[in-house]
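I have placed the structure first, in the form of C-alpha cells, so that the comments after it can refer back to it.
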Amino acid sequence: MVRPANHDGLGPSRSTDRKRGTRDRNRVRSRETAMPIVTVQQGPRDVELKRDLVRRITDAFVDAYKIPAETVQVWIQETPPDSWGAAGTLTIDR
C-alpha cells in the first residue's frame, strides 16, 4: 500500500493517519453496536408458536452477545405449502 508522504516527504501525512483512525474506530463501533436481524423462513405457524420463537431467539442473542433485547429483530417469513418444494415435490403434496 502506498501512503502519501507528509510535507517533509519522510512519512505518512497526519491527515491520512487521522482519517484511518476515525475509520477504524467507526468500524469497531459499528461491529459492537450492529443490530442483529434474524430471518426465519418457514411454513405457516400459529401466532403463539411464533411469539415463543421470537422470545427464545431474542433471549439467545441477548445471552450470547450481551446486548439489550431492544436491539434484536426477528423477521418471520412464512411460505405456504403450495409455494415450497423439497426433494422434487411441493410440500402440499406430501
Side-chain angles (χ1 to χ4, degrees):
M1 180 168 99
V2 177
R3 298 178 70 178
N6 64 11
H7 295 295
D8 60 10
L10 298 176
S13 69
R14 289 183 182 166
S15 66
T16 300
D17 283 344
R18 258 183 279 159
K19 288 178 187 174
R20 179 173 293 123
T22 300
R23 193 173 43 221
D24 290 346
R25 280 191 302 276
N26 288 340
R27 197 174 297 145
V28 169
R29 190 174 302 135
S30 174
R31 257 187 269 136
E32 292 173 351
T33 60
M35 176 186 316
I37 300 172
V38 181
T39 303
V40 177
Q41 295 181 321
Q42 65 178 22
R45 297 285 198 289
D46 180 74
V47 70
E48 286 303 319
L49 290 174
K50 291 187 282 189
R51 281 191 182 106
D52 187 47
L53 178 64
V54 168
R55 183 184 54 77
R56 289 177 184 223
I57 289 172
T58 301
D59 288 347
F61 273 81
V62 168
D63 184 49
Y65 292 168
K66 311 296 184 221
I67 57 175
E70 293 76 23
T71 63
V72 180
Q73 292 189 18
V74 180
W75 298 352
I76 299 175
Q77 299 173 343
E78 293 185 322
T79 304
D82 64 347
S83 298
W84 182 351
T89 60
L90 288 173
T91 54
I92 197 170
D93 297 332
R94 291 180 161 199

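It should be emphasised that the depicted structure is a prediction, and the values quoted were computed from it without experimental measurement.
The closest side-chain heavy-atom distance from Gln42 to Leu53 is below 4.5 Å. Contact annotation: the side chain of Ile57 approaches that of Val40 to within less than 4.5 Å [non-hydrogen atoms, C-beta and beyond].
Comment: Arg56 does not engage Asp59 in a salt bridge, judged by the lack of any side-chain N to carboxylate O separation of less than 4.0 angstrom.
The minimum heavy-atom distance linking Leu90 with Pro81 is given by the pair CB-O, 4.1 Å. Between Gly43 and Trp84 the shortest heavy-atom distance is N-CZ3, 2.9 Å. Taking all atoms of both residues into account, the shortest heavy-atom contact from Thr58 to Ala69 is CG2-CB, 3.8 Å.
Following chains of ILVMFWY side-chain contacts shorter than 4.5 Å, one can reach Tyr65 starting from Val72, so the two form part of one hydrophobic cluster.
The distance from atom CZ of Arg94 to atom OG1 of Thr91, rounded to the nearest 0.5 Å, is 7.0 Å. Remark: Thr39 OG1 to Gln77 CD distance equals 5.5 Å, nearest 0.5 Å.
The closest side-chain donor-acceptor pair between Gln73 and Trp75 falls under 3.5 angstrom.
When Val47, Val54, Leu49 are each tested for a side-chain contact (heavy atoms from CB on, under 4.5 Å) with Arg51, only one passes: Val47.
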